[in-house]
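Every chain is numbered from 1, with letters handed out A, B, ... down the list of sequences. All of these numbers come straight from a predicted model, not from anything done at the bench.
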Protein chains: 2
Amino acid sequence: MTAAAALFAEQGYRATTMRDIARELGVTPGAIYAHFSSKQDLLLAVYRLGVTMIGERVDMAVKAAGTPWERLEAAFRAHIESLVDASPFASVIVRILPGDAPEIGDRLIALRDDYEDRFKRLFDDLDTQRDQSLPRLLALGALNWVPAWYAPGGESPAAIAAALCALLRGGARAGEPAP
Amino acid sequence: MTAAAALFAEQGYRATTMRDIARELGVTPGAIYAHFSSKQDLLLAVYRLGVTMIGERVDMAVKAAGTPWERLEAAFRAHIESLVDASPFASVIVRILPGDAPEIGDRLIALRDDYEDRFKRLFDDLDTQRDQSLPRLLALGALNWVPAWYAPGGESPAAIAAALCALLRGGARAGEPAP
DNA sequence: AAAGAAAGTGAATGAACGTTCATTTACTTT
DNA sequence: AAAGTAAATGAACGTTCATTCACTTTCTTT
């Protein structure tokens, strides 16, 4: 599953062949079918594990943080770290679109919705009167696009999370003393 | 090219076959090769046209706007509209990743960089001292992720652009009178 | 009307795809 | 040691893929 996750995340679902995965493992393609009934089944298992892993990592980070804004920033940081660190499972969630495997698309959507519900709650806990669904969707988009430009030498996940949180709190004037 | 753009945007590059495109046009697959030397060549042409179209649309919107912040918001709105309206060319830019067609990946990256340079300039024109590269990357990510959750009945492109611009200007307190 | 170019056909190509299966290997349990 | 189970093999399957090509149709130019 690790090999499959890495290839799915790197090349996409359609571009990754069962032979690719088998070669990475040093086995024959047929061997995979002793563990997964189909390529879609393998993707579903990888996707499910990815959602579980990033979910637990975010939950743990949130639990360790104090105020609602700190909790949100911790969630951002954990989300980004999950996407850019060595473990490829979380990346699959962002890289594979439900339409890539139409027959299990509904289940992929449900899994991702389960994960993203966390952020709905985190935004609701902020003490702003305004409806937060648009900021939440924009923030999640900004987060999920990070792998497209992230470079190990550049801004750290913590710095990116802080910057996004600052935007939500105070816009371009972030860093100045809060009122 | 329109048929190819629609299918590339909807299903992705790998999942779209030359037969799909030919069927959509009511011709035989071989007929396409009278106009494009390969599938990659077709993608490149579609991508290039997509960049041109969204670029012109953004340029036009920017030109019609006044202050730097209004120009940025106009660019956001034009970008979103290009991604969600009926024309499928712009969507290709967001949907197809350079890794989908490795042999022309470099050229795809170059084309997208050319387009995104506009936003670099728009951010530079804002009268903030702070470095705007992180906000710019986050904002572009938020924009490019819009097609993942946009629904025709919901928030309009203009509303989404305004919300994102408000975040950059004033965070969660957006809508209150500016200082 | 003739000539030439452009566009499209229909059939074929080799390669690569997901998947299957009888058989063998390696390991665990008795 | 015997029996049973899980994992892996190696070869094949039917299908689909991008691409090619000799040939015909359609259009444009003279």
Side-chain angles (χ1 to χ4, degrees), chain A residues 1-50 88-89 91-93 95-108 111, chain B residues 1-50 88-89 91-93 95-108 111:
Chain A
M1 286 176 66
T2 305
L7 289 167
F8 286 158
E10 191 184 326
Q11 311 180 343
Y13 176 70
R14 301 292 293 241
T16 301
T17 69
M18 296 299 269
R19 286 173 171 82
D20 287 340
I21 301 167
R23 192 182 319 119
E24 185 74 21
L25 296 167
V27 297
T28 28
I32 302 174
Y33 287 86
H35 306 271
F36 303 95
S37 67
S38 69
K39 190 184 177 187
Q40 292 199 355
D41 187 50
L42 173 56
L43 171 63
L44 188 57
V46 166
Y47 200 99
R48 185 175 285 135
L49 185 53
F89 287 95
S91 302
V92 172
I93 305 168
R95 175 68 202 265
I96 272 66
L97 303 184
D100 288 337
E103 276 134 23
I104 57 170
D106 292 345
R107 269 180 285 184
L108 300 184
L111 283 167
Chain B
M1 286 178 67
T2 305
L7 289 166
F8 286 158
E10 191 184 326
Q11 311 179 346
Y13 175 70
R14 301 294 291 242
T16 301
T17 70
M18 296 299 269
R19 286 170 172 82
D20 287 339
I21 300 166
R23 192 181 319 121
E24 185 75 19
L25 296 168
V27 296
T28 19
I32 302 174
Y33 286 87
H35 307 270
F36 303 95
S37 67
S38 70
K39 190 184 177 187
Q40 292 199 355
D41 187 49
L42 173 56
L43 171 63
L44 189 58
V46 166
Y47 200 100
R48 185 175 286 135
L49 185 52
F89 287 95
S91 303
V92 172
I93 305 168
R95 175 68 200 267
I96 272 65
L97 303 184
D100 287 338
E103 276 134 22
I104 57 170
D106 291 346
R107 268 179 286 183
L108 300 184
L111 284 167

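DNA chain D is contacted by both A:Ala31 and B:Pro29; A:Ala31 maps to the nucleotide lying nearer its 5′ end (nearest heavy atom per residue). If you find the closest nucleotide of DNA chain C to A:Gly30 and to B:Arg19, the one lying nearer the 5' end belongs to B:Arg19.
Residues A:Tyr13 and B:Arg14 fail the side-chain proximity criterion, which asks for heavy atoms closer than 4.5 Å. Inter-residue side-chain proximity for B:Leu44 and B:Leu111 is flagged as met; some heavy-atom pair is nearer than 4.5 Å.
Distance B:Met18 CE to C:dG8 P: 13 Å, rounded to the nearest Å.
Across every non-hydrogen atom of A:Met1 and A:Ala45, the tightest pair is CE-O, 3.4 Å. Contact record, B:Ala9 with B:Ser91: CB-CB, 3.7 Å, taken as the closest heavy-atom pair. Of all heavy-atom pairs between B:Ala4 and B:Leu42, the closest is CB-CD2, 3.9 Å. The shortest heavy-atom contact between B:Val92 and B:Phe8 is CG2-CB, 4.2 Å.
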Per-residue pairing states of DNA chain C in dot-bracket (Watson-Crick or G-U under 3.5 Å; . unpaired, | other strand) read ||||||||||||||||||||||||||||||

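Between chain B and DNA chain D, the heavy-atom contact criterion of under 4.0 Å yields a 5' to 3' nucleotide range of D:dC17 to D:dT20.
Checked against side chain to side chain contact (heavy atoms under 4.5 Å, CB included), B:Pro102 has no partners two or more places apart in sequence or in another chain. For the salt bridge (charged side-chain N to carboxylate O under 4.0 Å, His left out) test, residues two or more places apart in sequence or in another chain that qualify with A:Arg95 are B:Asp100. By the salt bridge (charged side-chain N to carboxylate O under 4.0 Å, His left out) test, B:Arg23 is found to be paired with B:Asp20, residues two or more places apart in sequence or in another chain being considered.
For the pair B:His35 and C:dA6, the criterion of a side-chain N or O lying under 4.0 Å from OP1 or OP2 is not met.
Residues from residues 37-46 of chain A placing a heavy atom under 4.0 Å of any atom in DNA chain D do not occur.
The only member of B:Leu43, B:Thr16, B:Val46 that meets side-chain contact (heavy atoms from CB on, under 4.5 Å) when paired with B:Ile96 is B:Leu43.
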